[in-house]
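Before any comments, here is the structure.
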Amino acid sequence: MSDKSKNTPETLEKSGFSRRGFLGASALTGAAVAATAFGGAVMSRETWAAAVKDAQQKIHVAPGELDDYYGFWSGGHQGEVRVVGVPSMRELMRIPVFNVDSATGWGLTNESRHIMGESAKFLNGDCHHPHISMTDGKYDGKYLFINDKANSRVARIRLDIMKCDKMLTVPNVQAIHGLRLQKVPHTKYVFANAEFVIPHPNDGSNFDLQAESAYTMFNVIDAEKMEMAFQVIVDGNLDNTDADYTGKYAASTCYNSEKATDLGGMMRNERDWVVVYNIPRIEAAIKAGKFSTVGDSKVPVVDGRAGSEFTRYIPVPKNPHGCNTSSDGKYFIAAGKLSPTVTMIEIAKLDDLFDDKLKDPRDVVAAEPELGLGPLHTTFDGRGNAYTTLFIDSQVVKWNMAEAVRAYNGEKVNYIKQKLDVQYQPGHLHASLTETSEADGKWLVALCKFSKDRFLPTGPLHPENDQLIDISGDEMKLVHDGPTYAEPHDCILARRDQIKPQKIWKRDDPFFAPTVERAKKDGINLETDNKVIRDGNKVRVYMTSMAPTYGMTEFTVKQGDEVTVTITNIDQIEDVSHGFVMTNHGASMEISPQQTASITFTADKPGLHWYYCSWFCHALHMEMVGRMLVEPA
Ligand code: K7E
Ligand code: CUA
Ligand code: CA
């Protein structure tokens with residue numbers, strides 16, 4: 001176990017290791033490895049240098065070589081999803097979701113606004129939990145789902161094109177937070193926690209949160225249709241969630257069982273709870289018509305509050321946070337946050353709890369190991385070990401689950417295997433393939449909320465620090481610091497063979513189907529036609545693009561016209577994306593090979609306006625231009 005007091009940057013400095021000197025000698029990881037990676041003791045310069053070299057080799061992906069894992073990072077309140085190669089930690093791509101993106105035109109184009117629906121009016125989002133769809137408890141590489149806490153949405157990303165293709169606003173709730181997927185037999189459902197308790201109806205007639213009519217709901221979404229399947233009214237609030245490996249149960253943590261509105265109130269109870277949902281029972285009730293609805297929504301709602309046949313409430317210590325299903329399928333593990341413990345809930349005992357064969361819900365607790373201060377989330381290596389972030393201790397603790405159970409049953413065993421300092425204050429952590437039955441125990445990412453002194457200063461706003469830890473051996477080894485922009489809340493790693501992206505678009509892709517439909521009505525052949533269609537004061541401009549020219553280099557409209565430019569990129573060559581920017585009109589979009597994209601703006605200024613290609617496509621990319629001539633009204 002490491003002794004933190006020994007290996008802070010300050011003590012290392014005191015013992016003769018200047019960070020700057022060290023960085024000079026060893027350019028790549030330097031301080032990343034220096035402080036704490038290799039146990040607690042202050043090491044000699046030689047050992048240190050050797051350790052750094054070892055770490056560099058582990059993560060080095062040579063130029064032209066490919067990473068072993070795809071990582072998908074939530075961009076937090078920045079609103080996007082980022083694709084990162086692991087172990088190199090190179091950022092490969094960004095997928096705009098709840099944000100507006102000038103490079104691709106996400107939030108600006110008609111296709112993206114169609115997908116965003118009503119919620120396109122929101123320019124912000126706050127995504128936390130990215131999760132990949134599964135079949136038989138393994139990633140099937142089809143979709144990635146992510147929540148938006150800020151505007152109560154759930155989005156789906158198609159992993160074949162790495163674009164968001166569906167967005168759903170969850171009705172009658174506030175702040176979708178915890179999100180997980182059904183693992184078995186396949187991802188039929190997305191489980192999404194709405195965090196905040198609100199009055200119902202929430203029309204200003206009642207603000208009393210202690211009233212029975214004030215509640216939040218557990219939300220279940222049909223993953224394929226991206227429509228609400230049903231909602232479950234619960235006691236207290238909801239934080240994180242996960243699903244089991246039988247397809248029967250999902251569980252959520254609740255930190256505000258008090259339904260309090262202030263900090264003191266939310267910490268009043270010694271125990272809050274984990275609520276477990278019996279999915280087949282809820283499905284059966286809905287099928288039998290035993291449900292109600294809330295407000296104008298048609299979504300079936302069942303009442304899962306205390307005493308309901310649909311749920312069980314398992315008391316756990318205090319303000320629990322993370323909820324993680326162990327990759328062996330045995331436990332839901334709730335992290336204590338304000339308690340130094342995590343609670344292991346034995347999934348095999350839940351049948352008896354629901355059948356009332358167990359009288360005390362605490363009878364399903366298999367162990368409650370003490371791990372350290374501020375446990376937040378847990379991940380697994382497939383070898384019986386769990387890894388939990390300790391926010392307050394700034395550590396990742398590795399512990400053995402079977403040994404924790406033995407200790408709970410009175411045996412004298414030390415289930416703690418190692419504590420590794422991380423820099424600093426980790427929230428989530430994620431081991432490779434950990435949410436599946438194939439957890440492979442190779443890499444672990446600790447998503448640290450503070451970076452403090454780890455990087456060149458960037459003003460009052462610091463980057464966060466996603467650290468890569470090698471967990472393939474007996475000992476965890478920190479091998480890489482990964483500065484990231486606000487706020488990679490969570491990430492997920494899949495083997496590269498599990499994700500199969502297309503190289504160019506297919507012409508019949510549903511992503512731009514509404515635009516193709518529109519063109520058809522206008523009698524346009526998108527692959528060949530360059531035409532202007534006038535429809536009252538609406539003007540639709542259709543053109544092709546092929547490096548380095550647009551199919552149309554000049555078109556004329558009248559001042560005040562609503563202009564829709566639709567471009568079909570007929571290039572078939574991989575990686576030749578074009579763009580379209582109409583200067584001084586706030587219009588910008590990406591058009592990748594074989595894609596059709598469209599954008600609408602008002603031609604409100606008379607005169608000549610250049611448009612140009614914004615994605616570098618050719619030696620004559622600068623010359624890929626055209627002009628819109630606007631005649632005065
Ligand atoms: Cu996944 Cu912060 Cu949204 Cu934990 S939550 S850290
Ligand atoms: Cu087309 Cu640059
Ligand atoms: Ca509480």
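Every number for a ligand or one of its atoms is a count from 1 in the order of the listing. On a predicted model such as this, the values are computed, not experimentally measured, just so you know.
Against a heavy-atom cut-off of under 4.0 Å, His129 is close to the following atoms of ligand 1: 1 (Cu), 3 (Cu), 5 (S). Atoms of ligand 1 found under 4.0 Å from any heavy atom of His177, numbered from 1 in the order shown, are 3 (Cu), 5 (S).
The set of protein atoms (N, O or S) found at less than 2.8 Å from atom 4 (Cu) of ligand 1 reads His321 NE2, His377 NE2, by chain and number.
Taking backbone and side-chain atoms together, His621 has no N/O/S atom less than 2.8 Å away from atom 1 (Cu) of ligand 2. His578 lies close to atom 1 (Cu) of ligand 2, since one of its N, O or S atoms is found at a distance under 2.8 Å. Put simply, Ser577 stays out of reach of atom 1 (Cu) of ligand 2, with no N, O or S atom under 2.8 Å from it.
A salt bridge between Lys163 and Glu111 is absent, with no side-chain N of the basic residue lying under 4.0 Å from a carboxylate O of the acidic one. Checked for salt-bridge contact, Arg454 and Glu464 miss the test: no charged N lies under 4.0 Å from a carboxylate O. With respect to Lys183 and Asp242, a salt bridge is recorded, a charged nitrogen being found less than 4.0 Å from a carboxylate O. Taking 4.0 Å as the cut-off between side-chain N and carboxylate O, Lys318 and Glu270 count as a salt-bridged pair. Electrostatic pairing of Glu554 and Arg627 counts as a salt bridge here, judged by a charged N lying under 4.0 Å from a carboxylate O. Salt bridge absent: Asp126 and Lys149 never bring a charged side-chain N and a carboxylate O closer than 4.0 Å.
At most 12 heavy atoms of other shown residues, nucleotides or ligands fall within 6.0 angstrom of atom OH in Tyr485.
Aromatic rings of Phe218 and Tyr277 (six-membered ring for Trp) have centroids within the 6.0 Å cut-off, being under it. In this structure, the ring of Tyr611 has its center less than 6.0 angstrom from the ring center of Phe555.
Considering atom 1 (Cu) of ligand 2 as centre, the angle to SG of Cys617 and to SD of Met624 is 110° (10° rounding).
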